[in-house]
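Notes to accompany the following structure.
Keep in mind that the numbers below use all heavy atoms, side chains included, and drop hydrogens, waters and symmetry copies. In this text the structure is predicted, and so the values were computed from the model without any measurement.
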Amino acid sequence: MIKHMFKLVWNRKRTNILIITEIFFSFLVLFGVTAFGIYYTDNYLRPLGFSYENVWNVSVSGIFDSRHAERAQAMNDFKQMQLALRDLDEIEGVAGIGMTPFQIGASNGPICYRGRSAEARYNDGTDELKDVLELKVVQGRWFDSSDDSLNYEPVVINVRLRDELFGHENPLGKEFDLPKDPEERAKTMPQRVVGVITDFRQHGEFHELYNYCFHRASAKKLSGLAMIALLVKLRPGTTAAFEEKLMNRLRSVMKDRTIQIEPLDRARKSHMRLVLAPMAAASLVAVFLIIMVGLGMVGVLWQNVSRRTKEIGLRRALGGTAGDVHRQVLGELLVIATAGLLLGMAVVVQLPLLEIVDWMSPGVFTVGLIVSLLVMYGLTIAAGLYPSWLATKVQPAGALHYE
């Protein structure tokens with residue numbers, strides 16, 4: 001029976017090649033959208049690593065900008081803002097951070113330890129940042145005032161970087177390798193790990209887990225930073241009306257600067273829309289493409305049934321049941337679909353080998369592949385139901401009209 005179906009498909013190869021091509025390209029598009037959807041869902045279900053609720057981002061123009069003429073004055077302005085905000089009853093804490101959560105862009109580079117290297121993103125944070133963002137320290141500690149007198153620079157890394165760079169070693173007290181260049185080595189202070197946090201997914205829930213490293217933004221280091229932003233943690237129940245009061249307090253300290261206030265919750269929603277917009281557009285294209293392929297398969301099968309009335313009637317006359325005819329028509333369509341899907345899989349399985357999707361875990365890739373195959377086979381069966389039902393209605397006597 002199966003051999004007979006392959007012969008029937010091959011005998012109509014000119015017609016079937018168009019359907020195979022449509023299925024091939026539809027599968028590729030569907031796999032791309034499905035894999036990205038599962039990838040984003042898998043990332044979304046993972047812990048974010050920090051709390052954004054009741055936290056506002058306060059940015060002031062000119063503070064620690066690279067064009068700022070007087071760094072000492074900039075550091076003094078920053079301290080004044082911190083002191084002014086801490087006096088407000090609605091505020092639980094104030095912290096400084098280099099790159100704020102949900103901000104586009106990141107600083108990254110290699111981190112080495114005893115010859116081992118790991119690519120990591122890094123940021124700067126003040127001593128209060130752990131409490132403001134509710135970072136979870138699982139090993140060691142966060143920065144504090146005792147770090148002022150150290151002869152090395154304390155750093156805090158996340159669990160992922162700890163596992164990749166140190167393996168089973170205890171990372172606390174370990175120092176990163178210094179630059180090999182003598183001049184750079186002389187200017188670089190040793191960096192020593194003092195703590196480990198669970199994670200800090202700066203770009204939000206939809207982005208992958210990555211290695212992360214925090215440097216301490218101490219009073220001494222603040223004057224050398226290119227940028228710094230204030231994160232203000234509000235007490236629960238504080239309303240949006242507090243923004244005006246906060247703005248007035250900041251303007252009393254920073255009279256000649258532009259001040260912007262944005263809740264992290266609002267920044268998160270804007271960033272999520274930015275990420276999901278291309279995904280929604282691609283999904284819409286994939287849906288329309290699949291619908292067109294399904295309608296095309298229905299039309300071709302319908303035409304084939306109409307042309308093969310004599311053949312089907314003859315089979316019924318020889319004892320073939322309606323179920324036999326139904327299975328034959330669906331079987332032929334499944335053979336055609338399998339040919340297109342095999343071509344698509346031959347392309348898709350090359351992606352991990354060529355490291356094109358190395359950012360995607362094997363589990364996400366496999367699930368995306370299986371779901372895409374199931375959807376395409378489901379579409380094939382759905383498209384063949386009505387034409388195969390029409391084929392079962394052909395009677396032996398009806399075939400005589402074609403003689």
Side-chain angles (χ1 to χ4, degrees), residues 43 46-52 55 95-103 105-180 184-185 187-205 207-218 220-222 224-229 231 358-359 361:
N43 289 338
R46 296 175 183 270
L48 187 59
F50 64 92
S51 175
Y52 55 84
V55 179
I97 189 172
M99 301 287 288
T100 59
F102 314 114
Q103 178 181 348
S107 300
N108 61 282
I111 296 179
C112 301
Y113 171 72
R114 293 185 178 179
R116 296 194 294 267
S117 178
E119 192 72 16
R121 298 178 184 181
Y122 49 88
N123 206 340
D124 296 287
T126 60
D127 298 350
E128 304 85 2
L129 186 64
K130 179 181 76 71
D131 296 327
V132 169
L133 290 180
E134 298 181 14
L135 301 177
K136 299 176 179 60
V137 178
V138 295
Q139 199 172 356
R141 61 176 178 83
W142 186 256
F143 311 123
D144 56 41
S145 58
S146 65
D147 295 322
D148 291 336
S149 58
L150 300 178
N151 59 354
Y152 59 84
E153 182 181 359
V155 296
V156 174
I157 62 177
N158 68 343
V159 172
R160 191 178 190 276
L161 179 56
R162 178 198 66 184
D163 295 342
E164 182 174 343
L165 196 61
F166 297 98
H168 298 292
E169 292 186 51
N170 183 356
L172 300 182
K174 301 292 193 305
E175 292 186 359
F176 297 149
D177 295 346
L178 294 173
K180 295 182 179 180
E184 291 293 328
R185 191 184 187 93
K187 295 185 295 183
T188 303
M189 180 179 291
Q191 297 178 1
R192 185 176 298 178
V193 178
V194 297
V196 180
I197 58 175
T198 54
D199 212 339
F200 183 77
R201 297 166 65 192
Q202 176 190 331
H203 295 116
E205 293 94 333
H207 289 263
E208 74 278 7
L209 302 173
Y210 35 71
N211 299 327
Y212 216 91
C213 177
F214 267 105
H215 297 264
R216 182 173 184 250
S218 61
K220 180 180 180 181
K221 189 179 179 181
L222 279 175
L225 293 179
M227 63 177 68
I228 193 74
L231 294 181
D358 54 347
W359 43 268
S361 68

Derivation of the side-chain contact (heavy atoms from CB on, under 4.5 Å) call for L172 and V194: CA-CA 5 Å; L172 300 182; V194 297; 5.8 Å; no
Side chain to side chain donor-acceptor pair (under 3.5 Å) between N211 and E164, intermediate numbers included: CA-CA 8 Å; N211 299 327; E164 182 174 343; 3.0 Å; yes
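- Side-chain contact between V132 and V55 is present, with at least one heavy-atom pair separated by less than 4.5 Å.
- In this structure, NE2 in H215 is found 5.5 Å from CD in E153, a value given to the nearest 0.5 Å.
- Within the 4.5 Å cutoff, no side-chain heavy atoms of F214 are placed close to those of V155.
- For the pair Q202/R121, no side-chain contact is recorded, criterion being any heavy-atom separation below 4.5 Å from C-beta on.
- The two residues E208 and N43 come nearest to each other via the heavy atoms N-ND2, 3.6 Å.
- Formation of a donor-acceptor pair under 3.5 Å by the N108 side chain with backbone atoms of A120 is not found in this model.
- Taking E134 as the reference, K233 meet the side chain to side chain donor-acceptor pair (under 3.5 Å) condition, with sequence neighbours excluded.
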Stepwise salt bridge (charged side-chain N to carboxylate O under 4.0 Å, His left out) check, R216 with D127: CA-CA 7 Å; R216 182 173 184 250; D127 298 350; 2.8 Å; yes
Trace of the side-chain contact (heavy atoms from CB on, under 4.5 Å) decision for I197 with K136: CA-CA 5 Å; I197 58 175; K136 299 176 179 60; 6.0 Å; no
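- Rounded to the nearest 0.5 Å, atoms CD (Q191) and CD1 (I111) are 7.0 Å apart.
- One N or O on the side chain of R116 and one on the backbone of L165 form a donor-acceptor pair closer than 3.5 Å.
- Put simply, the side chain of N123 gets close to the backbone of M99: a donor and an acceptor are under 3.5 Å apart.
- For E128, the side chain to side chain donor-acceptor pair (under 3.5 Å) test picks out R86, T126, with sequence neighbours left out.
- Checked against the 6.0 Å centroid threshold, Y122 and Y212 do not count as a close aromatic pair.
- Side-chain atoms of R160 and D199, non-hydrogen and from C-beta on, never get closer than 4.5 Å to each other.
- The shortest heavy-atom contact between L178 and P190 is CD2-CA, 4.0 Å.
- Applying the ring-ring contact (aromatic ring centres under 6.0 Å, His included) rule to F50 yields the partners F102, F200; only residues at least two apart in sequence or on another chain are considered.
- Checking V159, V196, V193 one by one against Q139, the side chain to side chain contact (heavy atoms under 4.5 Å, CB included) holds for a single residue, V196.
- Scanning for salt bridge (charged side-chain N to carboxylate O under 4.0 Å, His left out) contacts around R201 gives an empty result, with sequence neighbours left out.
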Stepwise side-chain contact (heavy atoms from CB on, under 4.5 Å) check, L161 with C213: CA-CA 8 Å; L161 179 56; C213 177; 4.2 Å; yes
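- Taking both residues in full, the closest heavy atoms of D124 and A217 are given as CB-CB, 4.2 Å, listed atom of the first, atom of the second, then distance.
- Residues passing the salt bridge (charged side-chain N to carboxylate O under 4.0 Å, His left out) test with R162: none are found, sequence neighbours excluded.
- Between R114 and D177, none of the side-chain N atoms (NZ, or NE/NH1/NH2) sits under 4.0 Å from a carboxylate O, so this pair counts as no salt bridge.
- In this view, D144 and R141 satisfy the salt bridge (charged side-chain N to carboxylate O under 4.0 Å, His left out) rule, not counting sequence neighbours.
- The minimum heavy-atom distance between T100 and A229, with the atom names listed, is CG2-CB, 3.6 Å.
- Using a 4.5 Å heavy-atom threshold, the side chains of F166 and I157 count as touching.
- In this structure, CD1 on I97 lies 5.0 Å from CG on L129, to the nearest 0.5 angstrom.
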Verdict with supporting geometry, E169 and Y113, side chain to side chain donor-acceptor pair (under 3.5 Å): CA-CA 12 Å; E169 292 186 51; Y113 171 72; 3.1 Å; yes
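- Between Y210 and H203, the closest side-chain pair of non-hydrogen atoms falls below 4.5 Å.
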Residue pair Y52, L133: steps toward the side-chain contact (heavy atoms from CB on, under 4.5 Å) verdict: CA-CA 7 Å; Y52 55 84; L133 290 180; over 6 Å; no
